[in-house]
Protein chains: 2
Amino acid sequence: MNTLEFAKQKLTEVGLKATQQRMVILAAVQQSKNHPSPEAVYEKVRVNNPSISLGTVYNTLDIFVEKDLIQTVLAKNGLKRYDGRLGNHNHIHCVNTNEILDFEDEELNDLVLEFLKRKKIENLDIRKFSLHIQGEKIDEKKNIKIH
Amino acid sequence: MNTLEFAKQKLTEVGLKATQQRMVILAAVQQSKNHPSPEAVYEKVRVNNPSISLGTVYNTLDIFVEKDLIQTVLAKNGLKRYDGRLGNHNHIHCVNTNEILDFEDEELNDLVLEFLKRKKIENLDIRKFSLHIQGEKIDEKKNIKIH
DNA sequence: TCTTATTTAATAATTGTTACAAATTTAAAA
DNA sequence: TTTTAAATTTGTAACAATTATTAAATAAGA
């Protein structure tokens with residue numbers, strides 16, 4: 001099953017009409033490795049769907065989040081970013097390159113989950129968690145430090 | 001030493017001229033418990049400094065972040081929020097109330113720090129980390145679940 | 001005090017996002 | 001298949017948050 005077929009299936013699963021626009025937008029986000037902005041999704045889907053509108057991309061992404069097909073990522077500059085990957089996973093924010101990289105680690109998830117279970121936070125029904133790591137990406141070639 | 005004096009000292013420490021505006025803005029953020037937006041800081045300082053300009057608040061907050069006097073918090077809706085608390089600490093995002101609450105836990109910090117040390121992430125110089133917990137705030141009175 | 005550089009206020013401009021009305025598409029009914 | 005109604009999309013206008021600009025005010029040094 002290709003990505004569009006998969007998107008179509010997901011859409012009908014959550015009760016959304018599987019239009020061409022929705023299919024390509026969903027597929028685009030799910031295929032993206034780099035947490036795209038609405039603008040980035042727009043540019044990507046526009047290549048094969050020149051008549052698609054930016055407003056549709058914005059709307060559709062919001063609908064997808066509401067239906068739990070994708071999730072939002074919080075970016076440093078406050079701009080919207082989306083993530084086709086659901087479930088708990090972590091993000092590395094590069095302070096220099098401004099990239100947001102996925103960082104998946106089963107051990108870390110277990111560690112945190114176990115902690116949260118133990119340390120019952122009062123009056124809070126925990127849905128999701130994510131460790132945000134802020135760091136500087138080092139170009140190894142330049143990483144010759146003389147002390 | 002009062003908060004303004006403290007702010008003044010911090011400002012000169014990082015090499016910023018300790019103007020009235022900067023002092024009150026820094027003090028306002030540091031005293032805030034609830035991760036204020038620029039607008040919120042503006043409203044707060046305006047009470048005693050009616051002539052202060054919103055633009056100054058925006059600029060000044062950015063300068064403070066750059067000088068590491070405060071830090072930014074990533075809010076769900078994409079609006080800017082600031083945090084007078086430095087160092088590693090965690091945030092609880094309430095999906096229903098939209099609040100961002102601090103969650104400080106020494107044990108959690110140690111747990112994560114120890115993990116990150118062990119699991120050396122390649123080509124990344126880690127600066128900071130923060131666990132983002134997403135959950136629903138439960139009104140305990142309503143929390144009578146019948147299964 | 002005078003001079004110069006820095007900072008601020010006020011406002012204009014910009015940008016990302018949302019709202020809207022008309023046009024199009026889809027799905028269902030006839 | 002055509003008709004009809006509802007949902008969706010487009011294109012654009014409006015909006016709100018943020019940034020840039022410029023003149024005035026302030027602070028620091030000579």
Side-chain angles (χ1 to χ4, degrees), chain A residues 4 7-8 10-12 14-29 35-67 69-70 72-82 98 100, chain B residues 4 7-8 10-12 14-29 35-67 69-70 72-82 98 100:
Chain A
L4 275 188
K8 189 172 186 173
K10 283 284 166 197
L11 285 168
T12 43
V14 300
L16 287 176
K17 218 173 265 182
T19 64
Q20 182 69 14
Q21 289 90 335
R22 284 176 179 166
M23 287 192 288
V24 296
I25 291 172
L26 184 54
V29 177
H35 311 92
S37 64
E39 189 70 37
V41 174
Y42 176 60
E43 290 306 331
K44 191 169 178 182
V45 298
R46 224 151 86 87
V47 177
N48 293 313
N49 307 264
S51 73
I52 208 164
S53 148
L54 179 58
T56 300
V57 174
Y58 271 93
N59 277 327
T60 305
L61 290 171
D62 279 348
I63 292 170
F64 288 173
V65 171
E66 205 182 334
K67 293 286 186 181
L69 291 169
I70 63 176
T72 51
V73 177
L74 306 175
K76 203 74 193 179
N77 46 14
L79 303 191
K80 291 196 157 180
R81 301 279 208 101
Y82 294 86
N98 228 27
I100 302 172
Chain B
L4 276 189
K8 188 173 187 173
K10 282 286 168 194
L11 286 168
T12 42
V14 300
L16 287 175
K17 220 174 263 181
T19 64
Q20 182 68 15
Q21 289 90 335
R22 284 176 179 165
M23 286 192 288
V24 295
I25 291 171
L26 184 54
V29 178
H35 310 93
S37 64
E39 189 70 37
V41 173
Y42 176 59
E43 290 306 332
K44 191 169 179 182
V45 298
R46 225 151 86 88
V47 177
N48 293 314
N49 308 264
S51 72
I52 207 164
S53 149
L54 180 58
T56 300
V57 174
Y58 270 95
N59 277 328
T60 305
L61 289 171
D62 280 348
I63 292 170
F64 288 174
V65 170
E66 205 182 335
K67 292 288 186 180
L69 291 169
I70 64 175
T72 51
V73 177
L74 307 175
K76 203 71 193 180
N77 48 14
L79 303 191
K80 289 194 161 182
R81 301 278 207 102
Y82 293 87
N98 229 27
I100 303 172

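Quick caveat: nothing in here was measured; it's all calculated off a predicted structure. Order of the sequence lines fixes the chain letters, A, B, ..., with proteins taken first and strands second; residue numbering starts at 1 for each chain. The figures here come from the full heavy-atom set of this structure, side chains too, leaving out hydrogens, waters and symmetry mates.
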In whole angstroms, how far is the [atom2] atom of [N] from the [atom1] atom of [X]?
{"X": "B:Tyr82", "N": "D:dA17", "atom1": "OH", "atom2": "P", "value": "14 Å"}
{"X": "A:Arg22", "N": "D:dT10", "atom1": "CZ", "atom2": "P", "value": "11 Å"}
{"X": "A:Ile63", "N": "D:dT8", "atom1": "CD1", "atom2": "P", "value": "7 Å"}
{"X": "A:Ile52", "N": "D:dT9", "atom1": "CD1", "atom2": "P", "value": "8 Å"}

- Note on the structure: For nucleotides 19-30 of chain D, 5' to 3', base contacts (B), sugar-phosphate-only contacts (S) and non-contacts (-) with protein non-hydrogen atoms under 4.0 Å give B--------S--

- Task: Search all heavy atoms of B:Ser53 against all heavy atoms of B:Tyr42 and return the closest pair with its distance.
- Result: C-CE1, 3.8 Å

- What are the two closest non-hydrogen atoms of B:Ala7 and B:Ala27, and how far apart are they? CB-N, 4.3 Å

Nearest-0.5 Å distance that lies between atom [atom1] in [X] and atom [atom2] in [Y]:
{"X": "A:Lys10", "Y": "A:Leu16", "atom1": "NZ", "atom2": "CG", "value": "12.5 Å"}
{"X": "B:Ile25", "Y": "B:Leu69", "atom1": "CD1", "atom2": "CG", "value": "12.0 Å"}
{"X": "A:Arg22", "Y": "A:Asn59", "atom1": "CZ", "atom2": "CG", "value": "9.5 Å"}
{"X": "A:Glu39", "Y": "A:Lys80", "atom1": "CD", "atom2": "NZ", "value": "14.0 Å"}
{"X": "B:Thr12", "Y": "B:Met23", "atom1": "OG1", "atom2": "CE", "value": "10.0 Å"}

- Message: Need to verify one output field. Residue with the more 5' nearest nucleotide on DNA chain D, B:Glu39 or A:Ser53?
- Response: A:Ser53

- Query: Considering residues, nucleotides and ligands other than A:Lys44, do more than 12 of their heavy atoms fall under 6.0 Å from its NZ?
  - Reply: yes

- Would you write the dot-bracket representation of DNA chain D, where each base gets (, ), [, ], | or . depending on whether it forms a Watson-Crick or G-U pair under 3.5 Å and with which partner? ||||||||||||||||||||||||||||||

- Are any side-chain N or O atoms of A:Arg81 and backbone N or O atoms of A:Val73, one a donor and one an acceptor, separated by less than 3.5 Å? no

- Just do the side chain to side chain contact (heavy atoms under 4.5 Å, CB included) check on A:Phe64 and A:Leu11 with the steps written out, would you? CA-CA 9 Å; A:Phe64 288 173; A:Leu11 285 168; 3.6 Å; yes

- Item | Positive for side-chain contact (heavy atoms from CB on, under 4.5 Å) with A:Val45, one of A:Leu26, A:Val29, A:Val24 | A:Val24

- Item | DNA chain C: 5'-most and 3'-most nucleotides touching chain B, 4.0 angstrom heavy-atom criterion | C:dT6 to C:dA10

- Message: Quick check: on DNA chain C, is the nucleotide nearest A:Ser37 upstream (toward 5') of the one nearest B:Val57, or the reverse? Name the residue that is more 5'.
- Response: B:Val57

